[in-house]
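Each chain gets a letter, A, B and so on, in the order the sequences are listed, and its residues count up from 1. Keep in mind the model is a prediction, meaning the values are calculated, not measured.
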Amino acid sequence: MLVVKDILDNKEKAIAGLKKRNIATAEELINSVIALDTQRKSAISEMENVLAESNQIAKSVGQLMKEGKKDEAEQVKTKAAELRSKSNTLKEDTAVIEEKLQALLYTIPNVPNEIVPDGKTPEENVNIFEHGSIPTLHEGAVPHWDLLKKYKLADFEVGVKITGAGFPVFKRKGAMLNRALINFFLSEAIKAGYEEVIPPLLINEASGYGTGQLPDKEGQMYHCTVDNLFLIPTAEVPITNLYRDEIISADQLPIKNVGYTPCFRREAGSYGKDVRGLNRLHQFDKVEIVQIQHPDKSYETLDNMVEHVKGLLNKLGLPYRILRLCGGDMGFTSALTYDFEVYSAAQQKWLEVSSVSNFETFQANRSKIRFRSGQDKPQLAHTLNGSALALPRILAALLENNQTTDGVNIPEVLQAFTGFNKIS
RNA sequence: GGAGAAGUGGCAGAGUGGUCGAUUGCAUUAGUCUUGAAAACUAACGUACCGCAAGGUACCGGGGGUUCGAAUCCCUCCUUCUCCGCCA
């Protein structure tokens with residue numbers, strides 16, 4: 001959530017940023033925030049004045065009692081009770097205003113960075129980097145879903161039986177390749193200085209609010225209503241929330257974490273070839289990198305994270321491109337996002353396999369993730385995260401791009417992890 | 001799941017209705033002393049909000065209540081510990 005003080009300091013920037021997200025009412029929204037904040041301040045002032053007086057009197061009651069002036073004490077008590085009830089009313093008024101402001105702020109997305117391109121649709125994302133050449137496949141090459149079946153790497157039907165659509169069961173070398181990718185991604189991240197964590201796969205409401213899934217986007221998460229817990233849509237949620245309500249010493253920054261988790265997404269409203277095979281699943285594996293960084297260094301860190309993901313794709317030998325997302329396609333909480341897409345040669349499609357974002361203080365403000373340099377006052381940190389990487393689409397592209405007439409070749413970097421070099 | 005106990009500032013640990021935002025110790029920071037260090041001594045040292053400031057307000061696990069006044073009493077939820085049961 002946006003920091004009100006930042007809005008007050010630079011109202012025009014906030015409005016311009018929201019306009020970039022194609023929010024027609026940007027100006028109204030920001031003006032409402034400012035108006036509510038003004039109301040809030042005066043309500044608090046008024047309430048606290050009454051409270052201060054009330055506290056004064058309450059103290060004097062104690063004095064009078066001690067001195068044995070009972071009658072006087074009784075009189076003062078009546079006065080105090082009046083003040084108290086007045087302050088209670090004011091307290092309620094203040095709470096109403098604060099809730100309004102809070103609710104409004106929850107509906108406002110992050111202000112995009114200056115370099116975020118204008119645009120409304122994914123077509124307007126800007127391609128900033130391409131690497132690798134698109135392979136020419138042999139005659140009769142097939143999409144990955146046929147390869148999965150042919151080599152018995154995954155079974156969608158049995159997944160439907162035990163759970164439902166979108167929950168494939170990986171088998172044999174399919175399962176092993178999946179696990180090899182997880183280990184490869186983890187070991188690369190650890191080499192790059194990330195500390196591994198294995199977080200819970202279920203999160204509570206407070207965590208959902210902390211990273212921005214709640215309110216509003218609860219529809220994308222599976223909800224265990226009996227316990228009011230949510231299955232994580234990404235490891236970003238539990239890992240970032242590790243630092244919720246923490247004040248981190250500045251010399252601990254940056255905090256770098258990596259975690260492998262399954263991810264669960266309800267993804268309502270998808271259909272057709274976009275969801276075919278491994279393209280879109282309700283449960284999938286992902287290795288996520290998360291950093292908590294000093295505001296002055298977060299964009300440098302974002303670049304580092306982009307470089308890290310590039311390195312992974314380079315090593316896997318997959319052709320890919322990097323998109324700078326436009327204002328209309330960026331996530332609610334992000335200030336700047338780079339998407340990575342790999343080319344899946346049989347489908348002849350670009351598949352999103354990573355999204356690397358800087359959230360600046362947006363999540364930190366919700367989560368109260370702060371740091372302190374020396375004796376300074378605590379200050380909101382910047383949070384960043386990125387997929388490094390999401391598994392199923394990588395698997396799809398690897399299978400499709402590396403297929404030959406007599407099997408699928410495993411990239412060299414993975415062979416140490418798979419223990420085999422070919423699927424046939 | 002059953003029975004008990006407990007949750008106070010970075011940590012330890014006082015405080016059972018008023019002058020307590022909270023004694024004290026440790027840790028931390030600065031200073032004195034010292035050739036340097038240690039020790040000792042002195043001082044500072046929670047967070048948020050309102051206010052130009054002086055200052056004020058809130059917070060003793062969360063929420064609610066009683067009272068002129070709550071860390072302290074009551075209700076409720078959460079968490080931790082001990083014992084029993086069950087169990088990977």
A:K310/A:E307 salt bridge by N-O under 4.0 Å criterion:
yes

Q.
Using the C1' atom as the point on both nucleotides, what is the distance between B:C73 and B:G17, in whole Å?
A. 8 Å

Classify A:A58 by what it touches in the nucleic acid, base, sugar-phosphate, or nothing, heavy-atom distance under 4.0 Å. base

To the nearest angstrom, the NZ-C1' distance between A:K377 and B:G46 comes to 12 Å

B:G21 -> Watson-Crick or G-U wobble partner, both distances under 3.5 Å, gives none

Sticking with atom C1', work out how far B:G21 lies from B:C45, rounded to a whole angstrom.
14 Å

Here the distance between atom C1' of B:G46 and atom CG of A:D245, to the nearest Å, is 15 Å

Rounded to whole Å, CG of A:L51 lies from C1' of B:C59 at a distance of 13 Å

Answer with base, sugar-phosphate or nothing: what part of the nucleic acid does A:I44 contact at a heavy-atom distance below 4.0 Å? sugar-phosphate

**Prompt:** Can the positive tip of A:K173 be found less than 6.0 Å from the middle of the six-membered ring of A:F420, inside 45° of the ring normal?
**Reply:** yes

Quiz item: A:D339 and A:S355: side-chain donor and acceptor closer than 3.5 Å?
Solution: yes

inquiry  = Between B:U82 and B:A27, how many Å separate the two C1' atoms, rounded to a whole number?
reply    = 30 Å

Among B:U57, B:C50, B:A48, the one nearest any side-chain atom of A:A52 is B:U57

inquiry  = At less than 4.0 Å, is any side-chain N or O atom of A:R40 found next to OP1 or OP2 of B:C49? Yes or no.
reply    = no

Checklist entry - Taking atom C1' in both B:U29 and B:G46, what distance in whole Å separates the two? => result 15 Å

(Q) Please report the distance separating the C1' of B:G13 from the corresponding atom of B:U66, rounded so that it comes out in whole Å. (A) 30 Å

A:N204 CG to B:C77 P, in whole Å, measures 18 Å

Check A:D37 with A:R40, please: is the shortest side-chain N to carboxylate O separation under 4.0 Å? yes

Counting only heavy atoms from other residues, nucleotides and ligands, does the tally under 6.0 Å from NZ of A:K13 exceed 12? no

Separation of B:C50 atom C1' from A:Q39 atom CD, nearest Å, is 16 Å

- Would you tell me if any nitrogen or oxygen in the side chain of A:R84 comes within less than 4.0 Å of OP1 or OP2 on B:G69? yes

Per nearest nucleotide of RNA chain B, the residue lying toward the 5' end, A:M47 or A:T78, is A:M47

For the P atoms, the ones on B:A39 and on B:U28, what distance do you get once it is rounded to whole angstrom? 9 Å

A:R372 side-chain N/O to B:G46 phosphate OP1/OP2 under 4.0 Å: no

Taking a pair to mean Watson-Crick or G-U wobble geometry with both distances below 3.5 Å, B:G85 pairs with none

Answer for the Watson-Crick or wobble partner of B:G7, both distances under 3.5 Å, is B:C78

*asked:* For the C1' atoms, the ones on B:A71 and on B:G62, what distance do you get once it is rounded to whole angstrom?
replied: 15 Å

Separation of B:C50 atom P from A:E48 atom CD, nearest Å, is 9 Å

- Task: Count the heavy atoms belonging to other residues, nucleotides or ligands that lie under 6.0 Å from NZ of A:K79, then report whether that count exceeds 12.
- Result: no

* Taking atom P in both B:C20 and B:U24, compute the distance separating them and give it to the nearest angstrom. => 12 Å

On RNA chain B, more 5' by nearest nucleotide between A:K77 and A:D37 is A:D37

query = Is there a side-chain contact between A:R393 and A:S344, using heavy atoms and a 4.5 Å cut-off?
reply = no

If pairing means Watson-Crick or G-U wobble with both distances under 3.5 Å, then the partner of B:C33 is none

Of B:C49, B:U47, B:C68, the nucleotide closest to the side chain of A:A81 is B:C68

If pairing means Watson-Crick or G-U wobble with both distances under 3.5 Å, then the partner of B:A38 is none

Rounded to whole Å, the CG-P distance (A:N55 to B:A58) equals 5 Å

When rounded to whole Å, the NZ to C1' distance for the pair A:K91 and B:C59 reads 12 Å

Re B:G55: Watson-Crick or G-U wobble partner, both distances kept under 3.5 Å, found to be B:C50

When both distances are under 3.5 Å in a Watson-Crick or G-U wobble arrangement, the nucleotide paired with B:U28 is B:A44

